[in-house]
Protein chains: 2
Amino acid sequence: MLPEDNILFKGIDQSDCRRMISCFNADIKTFRTGQKIMDYSDNPDKLGVVLSGTAVMVRYDINGVRSIMESLDEQSIFGVYFTFTASQRSGIEIVAETECNVMFVKRSEITKRCEKACQCHSKVVENLLQLMSEKAISLNERIEVLSQRTIEEKLISCLSIIEEKTPNGKAPQIPFSTTALSDYLCVNRSALQREITRLKNNGVLTISKRKFKLMRNRDSDN
Amino acid sequence: MLPEDNILFKGIDQSDCRRMISCFNADIKTFRTGQKIMDYSDNPDKLGVVLSGTAVMVRYDINGVRSIMESLDEQSIFGVYFTFTASQRSGIEIVAETECNVMFVKRSEITKRCEKACQCHSKVVENLLQLMSEKAISLNERIEVLSQRTIEEKLISCLSIIEEKTPNGKAPQIPFSTTALSDYLCVNRSALQREITRLKNNGVLTISKRKFKLMRNRDSDN
DNA sequence: AAAAATCTGTTGCAATTGCAACACGGGAGG
DNA sequence: CCTCCCGTGTTGCAATTGCAACAGATTTTT
């Protein structure tokens with residue numbers, strides 16, 4: 001992908017983008033599979049956009065156990081959420097999963113008013129804010145789902161959210177395999193399967209492939 | 001609290017703040033207990049800071065069930081996370097719990113470059129980004145905790161996070177009552193109590209009042 | 001086309017958790 | 001001082017969930 005097409009620069013025309021890339025002193029680098037792209041003990045002012053390839057954000061807890069916090073595909077942005085406060089906390093790293101092309105920008109370059117006062121500067125800030133708010137929304141949705149006490153409630157809450165976001169007329173669709181869904185819901189796969197089957201038998205839910213439909217308003221399901 | 005002292009204006013001196021309040025066309029209003037402060041179907045560009053009093057962010061789900069998403073005390077900011085994408089989604093409202101003083105600013109006023117090009121303008125943007133990233137961090141922590149499968153794991157994960165954030169030398173402290181903690185962990189209170197007692201008996205945990213200490217590295221706890 | 005890998009669907013059994021009920025203690029307020 | 005309210009701590013029992021194991025279906029690789 002061309003650096004000019006990245007989401008931070010959305011809504012800005014190409015020539016302005018090129019001007020900004022130099023105005024921002026943006027740095028474009030290539031990483032090979034397995035290479036460390038960024039280490040949070042390093043530079044807290046750096047922000048990255050994945051232009052091509054796939055990376056992961058991993059975290060090592062106090063016992064050294066590695067867990068994947070987030071998968072970063074093309075157009076993913078990182079270094080926005082964890083730099084300020086979390087830097088003291090245990091090691092978070094960005095690691096390349098395939099060959100990656102990454103653009104780095106200093107956050108301070110974005111927030112400061114440049115002398116040339118390029119109009120598009122404020123568009124970038126808006127884009128950044130938009131990205132962060134979308135992120136916060138998806139985190140909140142996840143919390144809403146995980147807050148539910150039973151698998152049935154988790155599942156229905158998750159499906160409701162998907163349903164609400166589906167445009168009218170389109171059939172709501174689960175974006176995962178059942179196995180992946182069980183990871184998202186943080187429950188055992190076969191227990192999830194059991195619940196799905198039960199809800200289908202009770203007529204609360206219909207699923208074919210990944211398309212589904214929720215029947216609501218029927219109180220008391222046994 | 002004076003409008004000049006709010007977190008959006010942190011690090012900016014008073015006279016500049018006053019100038020900005022007019023530059024931003026900021027609006028300061030008072031609400032009485034129970035009054036609706038903001039409705040997300042309204043104006044998606046508005047952002048609010050609670051200057052005094054307490055409010056709550058509530059959400060009505062598809063069945064009309066009301067749940068509290070967030071408690072907003074003095075210095076809380078709202079309208080930042082949910083405006084862009086979530087506005088279509090089911091009704092989110094901000095409601096005054098006590099008498100409240102609220103400052104409203106348009107987000108577009110913050111992101112745009114004003115002609116007067118006040119230096120402090122970019123400081124406000126930085127503050128806003130900082131607030132959002134802190135928010136994202138705390139949401140992520142919550143998810144990390146809720147992702148754990150058992151009450152024991154949830155508890156230990158939660159306490160570890162608190163421990164990591166506690167400055168060296170200070171005793172880590174749970175910021176809730178046990179009852180409130182069970183709400184945060186989304187588990188049954190008495191089941192949580194049972195686990196706490198068990199961990200204390202096994203020597204994994206010591207608690208007195210709200211101060212606690214975790215003993216790690218002892219593999220195999222039964 | 002065969003083999004391997006991955007996902008779906010099911011079930012018995014054991015472990016965890018929720019629920020309800022009760023006892024105790026401290027703080028607020030009459 | 002007494003009462004009410006709220007948080008803590010405990011326990012038996014029922015419901016939910018995790019785990020393991022297996023079979024069939026589907027997809028990917030060789």
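Just so you know, these numbers use all the heavy atoms, side chains as well, and skip hydrogens, waters and symmetry mates. Lettering follows sequence order; numbering is per chain, from 1. From a predicted model like this one, the values you see are computed outputs, not experimental measurements.
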Counterpart residues, salt bridge (charged side-chain N to carboxylate O under 4.0 Å, His left out), relative to B/Lys36 (two or more places apart) |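 Salt bridge (charged side-chain N to carboxylate O under 4.0 Å, His left out) list for B/Lys36, sorted by chain: B/Asp39, B/Glu93.
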Listed once per pair and sorted, the ring-ring contact (aromatic ring centres under 6.0 Å, His included) pairs that draw on residues 186-213 of chain B, sequence neighbours left out |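 Matches after skipping sequence neighbours: none remain.
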Taking atom [atom2] of [N] as reference, at what distance in whole Å does atom [atom1] of [X] sit?
X: A/Glu153; N: C/dT17; atom1: CD; atom2: C1'; value: 13 Å
X: B/Ile207; N: D/dG7; atom1: CD1; atom2: P; value: 17 Å
X: B/Arg194; N: D/dG12; atom1: CZ; atom2: P; value: 10 Å
X: A/Leu199; N: C/dG9; atom1: CG; atom2: C1'; value: 15 Å
X: A/Phe176; N: C/dT6; atom1: CZ; atom2: C1'; value: 18 Å
X: B/Arg149; N: D/dT16; atom1: CZ; atom2: C1'; value: 15 Å
X: B/Glu152; N: D/dT17; atom1: CD; atom2: C1'; value: 16 Å
X: A/Ile151; N: C/dT16; atom1: CD1; atom2: P; value: 16 Å

Looking only at side-chain N and O atoms, does A/Thr178 come under 4.0 Å of OP1 or OP2 in C/dC7?
->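 No, because none of the side-chain N or O atoms of A/Thr178 sits under 4.0 Å from OP1 or OP2 of C/dC7.
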Verify side chain to side chain contact (heavy atoms under 4.5 Å, CB included) between A/Met215 and A/Leu205, making sure each step is shown before the conclusion.
-> CA-CA 6 Å; A/Met215 320 294 167; A/Leu205 181 63; over 6 Å; no
State, without any angle test, whether A/Glu134 and A/Gln130 hold a side-chain donor-acceptor pair at a distance under 3.5 Å.
->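 There is such a pair between these side chains.
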Out of D/dT8, C/dC13, D/dC13, which nucleotide sits closest to the side chain of B/Thr179?
->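 Selected nucleotide (nearest to the side chain): D/dT8.
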The side chain of B/Ser177 lies closest to which of these nucleotides: C/dT17, D/dT8, D/dT10?
->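 Ranking C/dT17, D/dT8, D/dT10 by closest atom to the B/Ser177 side chain puts D/dT8 first.
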Run through B/Val95, B/Ile94, B/Leu72, B/Val50 and flag the one making a side-chain contact (heavy atoms from CB on, under 4.5 Å) with B/Ile37.
->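 Passing option: B/Ile94.
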With a 3.5 Å cut-off and sequence neighbours excluded, list the donor-acceptor pairs that the side chains of residues 170-184 of chain A form with protein atoms.
unit_1	atom_1	unit_2	atom_2	d
A/Ser177	OG	A/Ala180	N	3.1
A/Ser182	OG	A/Thr179	O	2.6

Would you please name every residue forming a side chain to side chain contact (heavy atoms under 4.5 Å, CB included) with B/Thr150, sequence neighbours left out?
->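 By the side chain to side chain contact (heavy atoms under 4.5 Å, CB included) rule, B/Thr150 matches B/Glu152, B/Glu153.
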For B/Lys46 and B/Met38, work out which heavy atoms get closest and say how close.
->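 Scanning both residues, the minimum pair turns out to be O-CE, 3.3 Å.
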For DNA chain C, find the residues of residues 180-193 of chain A with a heavy-atom distance under 4.0 Å and give them by number; none if there aren't any.
->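 Within residues 180-193 of chain A, the residues near DNA chain C are A/Arg189, A/Ser190, A/Gln193.
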Rounded to the nearest 0.5 Å, what's the gap from SG on B/Cys100 to NZ on B/Lys29? Could you check?
->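 Between B/Cys100 SG and B/Lys29 NZ, I get 13.5 Å after rounding to 0.5 Å.
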Using the C1' atoms of the five pairs at each end, what is the angle between the end axes of the helix from C/dA1-D/dT30 to C/dG30-D/dC1, to 10°?
->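 Nearest ten degrees gives 50° for this helix.
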